[in-house]
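Working notes, structure below.
All values reported here derive from a predicted model rather than from experimental measurement.
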Amino acid sequence: MTEHIHIQHLMEKCVLHETIDSLHFWGPAIQLSTSNSRYDEVTLRIEGTFKLTQNGETTVVKREAKDKLLYLTALARQKISLVQLLLPNNLCLQFVSGMQLEVIGDNDQFEGWQLQAQVDDDVVLIVAGPGEQLSLFE
């Protein structure tokens, strides 16, 4: 449980109060602003199933979906107000607008998500792997 709390604090340092700056097709990946972070670059790669809630409606987008990025475009320029690491390894981001993104961490044999933050040669990588594994690389 101590590791879980440590990872939660690292994630808060990386993404809290940041804005979605851009989306990348590969993964897909979300690039965050770093105006409130000590990091120069923060990327969230969404490799698994996720739930996107907006206007009281939740859409579940499966890992295999070809149009995953289309759903994520709703998050463009959204500011993160809360980040939560839900047991065992789901990632939940809430936004100032009321939208919520929950990325399912365990996707059978695949990674669910990766959060990478770096400044110069200092890199933090958090990976939600299969079998409810959550790994931290510093």
Side-chain angles (χ1 to χ4, degrees):
M1 188 63 157
T2 305
E3 180 76 0
H4 186 273
I5 293 169
H6 176 63
I7 292 173
Q8 172 72 35
H9 287 289
L10 275 173
M11 290 174 49
E12 288 172 0
K13 284 201 260 187
C14 294
V15 305
L16 197 58
H17 307 297
E18 299 301 343
T19 302
I20 307 285
D21 269 357
S22 61
L23 301 169
H24 301 273
F25 288 98
W26 185 255
I30 294 173
Q31 191 77 36
L32 301 178
S33 66
T34 54
S35 56
N36 299 303
S37 175
R38 75 177 197 89
Y39 297 98
D40 292 333
E41 186 176 314
V42 179
T43 304
L44 172 62
R45 189 170 312 282
I46 300 173
E47 300 182 20
T49 299
F50 64 86
K51 298 176 190 177
L52 183 61
T53 303
Q54 56 183 333
N55 302 322
E57 292 185 27
T58 300
T59 303
V60 176
V61 181
K62 299 287 187 183
R63 180 186 64 79
E64 305 83 20
K66 304 254 186 268
D67 56 353
K68 286 168 71 172
L69 192 63
L70 179 64
Y71 291 97
L72 294 172
T73 58
L75 299 176
R77 306 304 305 153
Q78 296 290 319
K79 185 174 184 176
I80 299 169
S81 60
L82 179 68
V83 57
Q84 291 180 298
L85 182 57
L86 306 174
L87 289 174
N89 63 355
N90 289 4
L91 173 63
C92 183
L93 299 177
Q94 292 183 6
F95 298 87
V96 172
S97 66
M99 294 177 68
Q100 178 176 301
L101 172 67
E102 183 177 350
V103 186
I104 309 304
D106 186 16
N107 288 275
D108 298 321
Q109 61 211 20
F110 302 99
E111 295 176 351
W113 55 269
Q114 293 182 17
L115 179 69
Q116 181 173 327
Q118 72 181 70
V119 58
D120 299 324
D121 291 334
D122 183 17
V123 177
V124 171
L125 178 63
I126 303 168
V127 179
E132 300 181 351
Q133 293 291 324
L134 189 62
S135 302
L136 171 64
F137 304 93
E138 292 184 275

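Here the CG atom belonging to L23 is positioned 15.0 Å from the OH atom belonging to Y71, to the nearest 0.5 angstrom. The distance from atom CD1 of I30 to atom CD1 of I46, rounded to the nearest 0.5 Å, is 3.5 Å. Residue H17 holds its NE2 atom at 10.0 Å from CD1 of I80, rounded to the nearest 0.5 Å.
Hydrophobic cluster membership differs between L85 and I5, with clusters built from Ile, Leu, Val, Met, Phe, Trp and Tyr side chains linked at under 4.5 angstrom. A single hydrophobic cluster is seen to contain both V103 and L75, as judged by linkage of ILVMFWY side chains at heavy-atom distances under 4.5 Å, directly or through other members. Hydrophobic clustering (ILVMFWY, side-chain heavy atoms < 4.5 Å, transitive): L87 and L136 are in distinct clusters. I104 is not connected to L72 by any chain of hydrophobic side-chain contacts under 4.5 Å among Ile, Leu, Val, Met, Phe, Trp and Tyr, and they are in different clusters.
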- Task: Start with the C-alpha gap between V42 and T34, add the side-chain angles, then the distance that decides, and say whether side chain to side chain contact (heavy atoms under 4.5 Å, CB included) holds.
- Result: CA-CA 7 Å; V42 179; T34 54; 3.8 Å; yes
- side chain to side chain contact (heavy atoms under 4.5 Å, CB included) assessment of T43 paired with L32: CA-CA 6 Å; T43 304; L32 301 178; over 6 Å; no
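For the residue pair S22 and H24, the shortest heavy atom distance occurs at OG-NE2, 3.3 Å.
The side-chain hydrogen bond (donor to acceptor under 3.5 Å, both in side chains) check on E41 picks up nothing, with sequence neighbours excluded. With sequence neighbours left out, the side chain to side chain contact (heavy atoms under 4.5 Å, CB included) criterion links S33 to E18, T19, D21, S35. Shown here are the side-chain hydrogen bond (donor to acceptor under 3.5 Å, both in side chains) partners of Q8, two or more places apart in sequence or in another chain: E12.
Inter-residue side-chain proximity for T2 and H6 is flagged as unmet; no heavy-atom pair is nearer than 4.5 Å.
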Do any side-chain atoms of residues 90-98 form donor-acceptor pairs under 3.5 angstrom with protein atoms, and if so which ones, sequence neighbours left out?
| residue | atom | partner | partner atom | Å |
| --- | --- | --- | --- | --- |
| N90 | OD1 | G105 | N | 2.9 |
| N90 | ND2 | E102 | OE2 | 3.1 |
| Q94 | NE2 | Q100 | OE1 | 3.2 |
| S97 | OG | Q78 | OE1 | 2.5 |
| S97 | OG | M99 | N | 3.4 |

Considering only distance and modelled atom types, tabulate donor-acceptor pairs under 3.5 Å from the side chains of residues 54-67, sequence neighbours left out.
| residue | atom | partner | partner atom | Å |
| --- | --- | --- | --- | --- |
| T58 | OG1 | T53 | OG1 | 2.8 |

Would you give me the side-chain donor-acceptor pairs under 3.5 Å for residues 112-129, sequence neighbours excluded?
| residue | atom | partner | partner atom | Å |
| --- | --- | --- | --- | --- |
| W113 | NE1 | N89 | O | 2.9 |
| Q114 | NE2 | E47 | OE2 | 3.4 |
| Q114 | NE2 | E111 | OE1 | 2.6 |
| Q116 | NE2 | Q118 | OE1 | 3.0 |
| D122 | OD2 | R38 | NH2 | 2.6 |

